[in-house]
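Side-chain atoms are counted along with the backbone in the values below, which use heavy atoms only and exclude waters and symmetry mates. Fair warning: this is a prediction, and the values are worked out from it, not measured in the lab.
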Amino acid sequence: MSVDTSKVADTNAGTAATPKKPGKAGVVANWADERLGLGTLMKKNLRKVFPDHWSFMLGEIALWSFVVLLLSGVFLTLWYTPSMGEVEYQGSYNPLRGVEMSEAMASTLRLSFDVRGGLLMRQMHHWAAMLFIASMMIHLLRVYFTGAFRKPRELNWVIGSLLLLLGTLEGFTGYSLPDDLLSGTGIRAADGFMKSMPVVGTYMSFFLFGGEFPGESIIPRLYTVHVLLIPGILLALIAAHMLLLVYHKHTQWPGPGRTEENVVGFPMLPVYAAKAGGFFFIVFGVSALMGGLLTINPVWKFGPYDPTKVTAGSQPDWYMGWPDGALRIMPGWESHFWGVTLSWNVFLPIIVLPGLMFTILMMLPFLESWITGDKRDHHLLQRPRNAPTRTAVMVALMTFYGLMWAAGGNDIIAIKLHLSINQITYFMRAAVFIGPVIAFIITRRWCISLQRHDEQKLLHGYETGIIMRSAEGGYSERHLPVNETEAYTLTAREREEVWTPGDETDANGVPAKRGRFDGLRAKLSTLMYADNVQPVTKEELEAAHHHADHEHELQASLDGQPADGHQFDGHHAVDGENLRGDH
Amino acid sequence: MSIDHGRDVTRAADSEKNLPAIPDPGLPEHTWRPTDVDERLAKRAERQVATLFGLSSVCVLLFLVSYFTLDVGDNHTTFAGFGASTIALGSTLGGALLFIGIGIIQWARKLMGDHEISEMRHPARSSDEDREETLKALALGAEESGIGRRPLVRNSLLGAVGLLGLPAIVMLRDLGPLPGNKLYSTVWEKGMRVVRDVVGTPINQADLEIGDLVNAEPEIVFAVDEDGEHVLHGVELQVAKSKAAVILLRMDPSDITPGKGRENWSVDGIVCYSKICTHVGCPISLNERKTHHLLCPCHQSTFDLADSGKVVFGPAARALPQLPLMVDEEGFLVAQSDFTEPVGPSFWERG
């Protein structure tokens with residue numbers, strides 16, 4: 001652009017005025033600073049740098065939907081009655097008028113039909129809960145696939161995993177509160193889950209329900225857990241999550257000028273604050289639109305809870321679907337010994353499995369650093385393809401999750417696809433074990449192929465799509481070098497080292513004692529790194545350039561021709577070239 | 001070229017080797033946006049942003065109008081299954097929020113300075129000096145408190161604080177009664193009539209045709225005393241219903257394979273089973289007429305009612321408990337006794 005930019009301001013600030021007396025704002029600022037010392041605190045953080053990438057927005061969705069949940073939740077508590085006392089419904093929803101139900105259900109109906117904006121807030125609250133959990137999951141995947149969980153951020157990964165676990169429990173306790181037929185069935189199943197626990201199960205059930213199921217205590221107790229206990233912990237953990245984010249500074253993608261030592265992006269004030277703040281309004285607005293336009297959890301259609309009734313197609317909210325799937329495909333195993341009963345068919349899939357999966361999830365950063373022996377700080381993100389085994393591990397876990405989730409809808413699949421539910425179940429029993437293995441192998445090889453493709457692109461240029469015919473009549477595709485930014489970005493990653501036992505020495509050069517798991521660790525490290533394509537070296541690059549120069553000589557006469565390929569890479573515009581039509 | 005050199009990964013002991021093959025070209029030069037260099041475009045963006053904020057205010061006004069003019073209540077089916085009020089309030093509130101959000105982001109993108117700045121990182125770890133000082137302070141604190149020198153004080157404090165956990169746990173004791181024998185019995189007893197669910201009418205054996213399935217309950221669920229008050233109400237009623245609900249099914253007597261000792265538990269092809277799934281306790285009622293199979297809608301456990309309620313498919317481990325049936329002098333179906341085993345999901349003490 002040939003515009004004179006020398007006179008353009010690079011901030012919005014005009015000429016600073018120097019008032020003789022401080023204005024009203026100045027007086028307030030002075031008052032606050034003299035008591036709180038805000039000046040020093042804000043000096044550091046007002047221009048704090050946040051890097052920009054669309055994927056960094058996923059956690060923000062989770063954060064803002066949590067705020068929407070707090071706001072809409074407070075509104076709901078003003079009308080909701082957490083009581084299982086029986087009343088006869090006399091509100092404006094005709095089909096249920098005169099029906100006996102709990103006060104919880106009756107007040108939910110009142111919120112839905114007699115309080116203006118009540119249904120909107122109920123649905124906003126439920127949709128925001130879905131957004132909260134879904135965005136936490138996708139944020140988790142982003143963090144994992146890009147290696148953002150590595151040192152020094154392992155503990156923030158653990159906090160994030162706990163947030164997901166608590167968010168799921170919060171969701172379950174929340175949708176149980178209306179005391180409708182569907183959620184009541186869920187609570188009854190939860191009672192069955194508890195009873196499957198060895199030794200303490202029956203006591204847990206009696207203590208939680210205040211006696212035999214259903215009792216009259218479960219709804220008020222879940223209410224306390226839902227509006228006080230879990231939100232309090234969530235709030236504390238979110239605060240810790242954000243504080244650590246600020247302390248560690250955000251990770252960034254490698255690129256020209258973006259290194260392990262710096263962080264490049266927009267300052268907190270004004271751009272980042274504006275974008276994040278604006279995004280809060282967008283998440284809030286989308287929740288409001290969803291709450292207004294999309295029905296969710298229409299409890300008036302399910303009716304009040306009755307322990308003798310159930311509806312076909314009973315399913316929990318989607319995030320509870322995967323353990324439900326495990327429960328469905330589990331064979332009916334039960335042991336009787338020493339006068340007691342152990343229900344493997346319930347205990348394993350619903351108590352042990354989720355606990356195991358969350359433990360694995362939280363251990364992932366520590367497992368990886370143990371395998372690789374990498375104890376350095378990492379602030380630059382990795383592309384998923386550049387960590388093939390890590391990427392494959394998560395895809396395998398996702399496959400497991402997805403298959404379990406599908407198994408949780410085996411009845412729906414059977415009905416919609418006209419399949420036998422028995423066959424679907426038998427298939428799933430095998431698929432949840434075989435599927436992840438296949439996914440692991442395919443993903444890992446796929447990533448390595450992509451790495452090779454990157455290497456080719458760097459060494460031999462990108463494919464222009466232009467086919468050359470040599471004088472001899474042979475055809476070949478013209479490759480042109482990638483631009484400097486891309487070339488640098490492709491090479492800006494670290495070489496990986498396969499961990500081998502006995503490499504570590506202490507301060508005096510004495511080899512470290514060999515551990516019991518050294519063999520396993522070495523094997524895993526080989527799996528992790530040995531097949532990966534390492535970043536090209538200077539020598540390889542020079543050799544390739546030499547080769548390319550030779551090629552170039554052969555094709556030199558083409559430069560400047562309409563079809564030399566450069567019109568696609570912005571190296572130069574070609575006058576009169578109209579290969580891409582008029583433009 | 002060789003694409004297999006990943007096999008011989010060399011150890012990059014020196015950081016020299018970890019430097020990218022291409023030197024860092026540094027941050028690209030800042031490019032100016034049209035709104036930076038053309039005041040007309042900047043003004044236009046300013047108008048756009050202001051318009052978005054204005055639209056938000058319009059939405060707020062519409063929200064208020066909708067709140068006070070549209071009724072809730074009976075009109076919940078007014079428009080595509082939603083109350084008009086909910087739709088109007090949701091759209092206007094959503095619009096009001098979205099327009100603010102889009103406006104702010106447009107402002108940030110078009111008008112705010114877009115110079116990327118760079119900041120140095122600092123290691124998360126403290127400096128060695130800080131660590132040393134902290135360790136010294138800790139050591140001094142430990143020394144001055146004498147916690148290391150006076151193990152009696154330390155250990156008795158640890159013991160006392162540990163014991164404080166007990167009240168916290170014991171206080172939860174009254175959350176509920178102990179299970180006792182409650183799970184082993186239901187309200188069924190000898191001679192209690194089997195009555196239809198919802199309406200509570202007794203069932204004459206002749207009322208049922210082959211293939212008929214009836215959701216039934218014990219008579220006591222509907223019973224009233226002399227004053228017309230329900231005998232069971234509140235929690236008691238809910239607990240009774242949640243354990244005693246049954247399924248009646250009449251089939252061809254020749255289809256039934258009676259279990260050992262259960263030869264006289266059915267009446268003329270009518271069998272009665274607990275409706276509570278032995279898996280996790282959902283009520284079951286999906287009947288497959290031809291096969292006498294009963295399917296639980298929660299996790300698809302399937303029970304064969306012609307064969308002592310045995311599990312034929314799904315995650316349940318135990319057969320459905322069967323209620324022994326007989327006929328009273330008036331020809332109505334009654335129970336011979338309570339269930340002979342606990343109903344519902346398994347539990348540890350069940351044996």
Under 4.5 Å from a heavy atom of chain A, the part of B:His279 involved: both
Heavy-atom pairs under 4.5 Å with chain A - which of B:Pro28, B:Pro179, B:Ser56 has more of them than the others? B:Pro179
Indicate yes or no: at least one non-hydrogen side-chain atom of A:Pro214 is less than 4.5 angstrom from one of B:Ser242. yes
Winner by heavy-atom pair count (cut-off under 4.5 Å) against chain A, out of B:Ile117, B:Leu98, B:Ile104: B:Ile117
For B:Glu217, which atoms come within 4.5 Å of any heavy atom of chain A: side chain, backbone, both, or neither? side chain
B:Trp348 and its side chain to side chain contact (heavy atoms under 4.5 Å, CB included) partner, picked from A:Val340, A:Thr341, A:Val200: A:Val340
Looking at chain A, which one of B:Pro345, B:Pro283, B:Gly94 has the largest number of heavy-atom pairs inside 4.5 Å, strictly under? B:Pro283
Close side-chain approach of B:Glu116 to A:Arg258, heavy-atom, < 4.5 Å: yes
Which region of A:Leu327, side chain (C-beta onward) or backbone (N, CA, C, O), has a non-hydrogen atom less than 4.5 Å from a non-hydrogen atom of chain B, or is it both or neither? both
Nearest 0.5 Å, please: how far is CD1 in A:Ile421 from CD in B:Gln300? 4.0 Å
Which one, B:Asp174, B:Leu89, B:Leu97, leads in non-hydrogen pairs under 4.5 Å with chain A? B:Leu97
Give a yes or no on whether the backbone of A:Thr308 and the side-chain of B:Lys275 come within a donor-acceptor separation of less than 3.5 Å. yes
Just wondering, do B:Ile105 and A:Ile282 contact through their side chains at under 4.5 Å, heavy atoms? yes
Using a 4.5 Å cut-off on heavy atoms from C-beta on, say whether the side chain of A:Lys195 contacts that of B:Leu183. yes
Listed by chain and number, what are the disulfide (SG to SG under 2.5 Å) partners of B:Cys282, not counting sequence neighbours? B:Cys298
Heavy-atom pairs under 4.5 Å with chain B are the metric here; pick the option from A:Thr485, A:Ile329, A:Asn422, A:Thr425 that has the most. A:Asn422
B:Ser91 side chain reached by A:Leu293 side chain, heavy atoms, under 4.5 Å: yes
Examine whether an atom of A:Asn410 lies under 4.5 Å from a heavy atom of chain B, and if so say whether it belongs to the side chain, the backbone or both; otherwise answer neither. side chain
In this structure, CZ of A:Phe207 is separated from CG of B:Leu172 (nearest 0.5 Å) by 9.0 Å
Does a salt bridge link B:Lys243 with A:Glu212, judged by any charged N lying under 4.0 Å from a carboxylate O? yes
With distance as the sole test, does A:Asn262 use its side chain to make a donor-acceptor pair with the main-chain N or O of B:Ser118 at under 3.5 Å? no
At a heavy-atom separation under 4.5 Å, does A:Glu260 approach chain B through its side chain, its backbone, both, or neither? backbone
Which portion of B:Val235 sits near chain A, non-hydrogen atoms under 4.5 angstrom: side chain
Let me know if A:Lys151 has heavy atoms under 4.5 Å from chain B in its side chain, its backbone, both or neither. neither
Heavy-atom pairs under 4.5 Å with chain B, option from A:Val263, A:Thr259, A:Leu289 with the top count: A:Val263
Just give me the residue among A:Gly255, A:Pro298, A:Gly210 that pairs up with chain B most often, heavy atom to heavy atom, under 4.5 Å. A:Gly210
For A:Val286, is it the side chain, the backbone, both, or neither that has a heavy atom closer than 4.5 Å to a heavy atom of chain B? both
Report which part of B:Arg109 has an atom under 4.5 Å of a heavy atom belonging to chain A: side chain, backbone, both, or neither. side chain
Locate the shortest heavy-atom distance separating A:Leu120 from B:Gly90; write the atom from each residue and the value. CD1-CA, 3.4 Å
Contacting region of A:Asp377 [heavy-atom separation from chain B under 4.5 Å]: side chain
In the structure I gave you, are the side-chain heavy atoms of B:Val198 and A:Lys309 within less than 4.5 Å of one another anywhere? yes
Determine, for A:Glu334 against B:Arg350, whether the closest basic-nitrogen to carboxylate-oxygen distance falls under 4.0 angstrom. no
When only pairs under 4.5 Å are counted, which of B:Glu236, B:Met120, B:Glu119, B:His122 shares the most heavy-atom pairs with chain A? B:Glu119
Contact class of A:Pro198 relative to chain B, heavy atoms under 4.5 angstrom: both
Pair count under 4.5 Å, heavy atoms only, with chain B: among A:Val536, A:Val310, A:Asp411, A:Asp324, highest is A:Val310
Between B:His299 and A:Arg328 (side chain of the first, backbone of the second, donor and acceptor by atom type, cut-off under 3.5 Å), is there such a pair? no
Which region of A:His336, side chain (C-beta onward) or backbone (N, CA, C, O), has a non-hydrogen atom less than 4.5 Å from a non-hydrogen atom of chain B, or is it both or neither? side chain
Part of B:Asn215 within contact of chain A (heavy atom distance under 4.5 Å): neither
Separation of A:Lys538 NZ from B:Ile22 CD1 (nearest 0.5 Å): 10.0 Å
Region of A:Ser343 that comes under 4.5 Å of a non-hydrogen atom in chain B: side chain
Counting heavy-atom pairs closer than 4.5 Å to chain A, which one of B:Cys296, B:Ser346, B:Ala108 comes out on top? B:Ser346
Most heavy-atom pairs under 4.5 Å with chain B, out of A:Ala544, A:Gly192, A:Gly278, belong to A:Gly278
Let me know if A:Met197 has heavy atoms under 4.5 Å from chain B in its side chain, its backbone, both or neither. backbone
Are the side chain of A:Arg188 and the backbone N or O of B:Gly281 linked by a donor-acceptor pair below 3.5 Å? yes
Identify which of A:Gly118, A:Gly201, A:Pro267 forms the greatest number of heavy-atom pairs closer than 4.5 Å to chain B. A:Pro267
B:Arg318 side chain to A:Gly332 backbone, donor-acceptor under 3.5 Å: no
Heavy-atom cut-off 4.5 Å, strictly under: side chain, backbone, both or neither for B:Tyr67 against chain A? both
Give, as side chain, backbone, both or neither, the part of A:Phe213 having an atom under 4.5 angstrom from any heavy atom of chain B. both
Less than 4.5 Å to any heavy atom of chain A: does that hold for the side chain of B:Val311, its backbone, both, or neither? neither
In terms of heavy-atom contacts, does NZ of B:Lys182 have more than 12 from other residues, nucleotides or ligands at under 6.0 Å? yes
Does the A:Arg116 side chain pair with the main chain of B:Thr86, one donor and one acceptor, at a distance under 3.5 Å? no
With a sphere of 6.0 Å drawn around NZ of B:Lys110, does it hold more than 12 non-hydrogen atoms of other residues, nucleotides or ligands? no
Which bit of A:Glu86 is near chain B, if near means a heavy-atom gap under 4.5 Å: side chain, backbone, both or neither? side chain
Heavy-atom contact with chain A under 4.5 Å, split by part of B:Ala124: both
ring-ring contact (aromatic ring centres under 6.0 Å, His included) against A:Phe281, all qualifying residues, sequence neighbours excluded: none
Side chain, backbone, both or neither: which part of A:Arg153 has a heavy atom under 4.5 Å from chain B? side chain
May I ask you to test the A:Phe206-B:Leu175 pair for a side-chain heavy-atom distance under 4.5 Å? no
Counting C-beta onward and ignoring hydrogens, is there a side-chain heavy-atom pair between A:Tyr203 and B:Glu349 closer than 4.5 Å? yes
Please flag which part of B:Ile276 lies under 4.5 Å from any non-hydrogen atom of chain A: side chain, backbone, both or neither. side chain
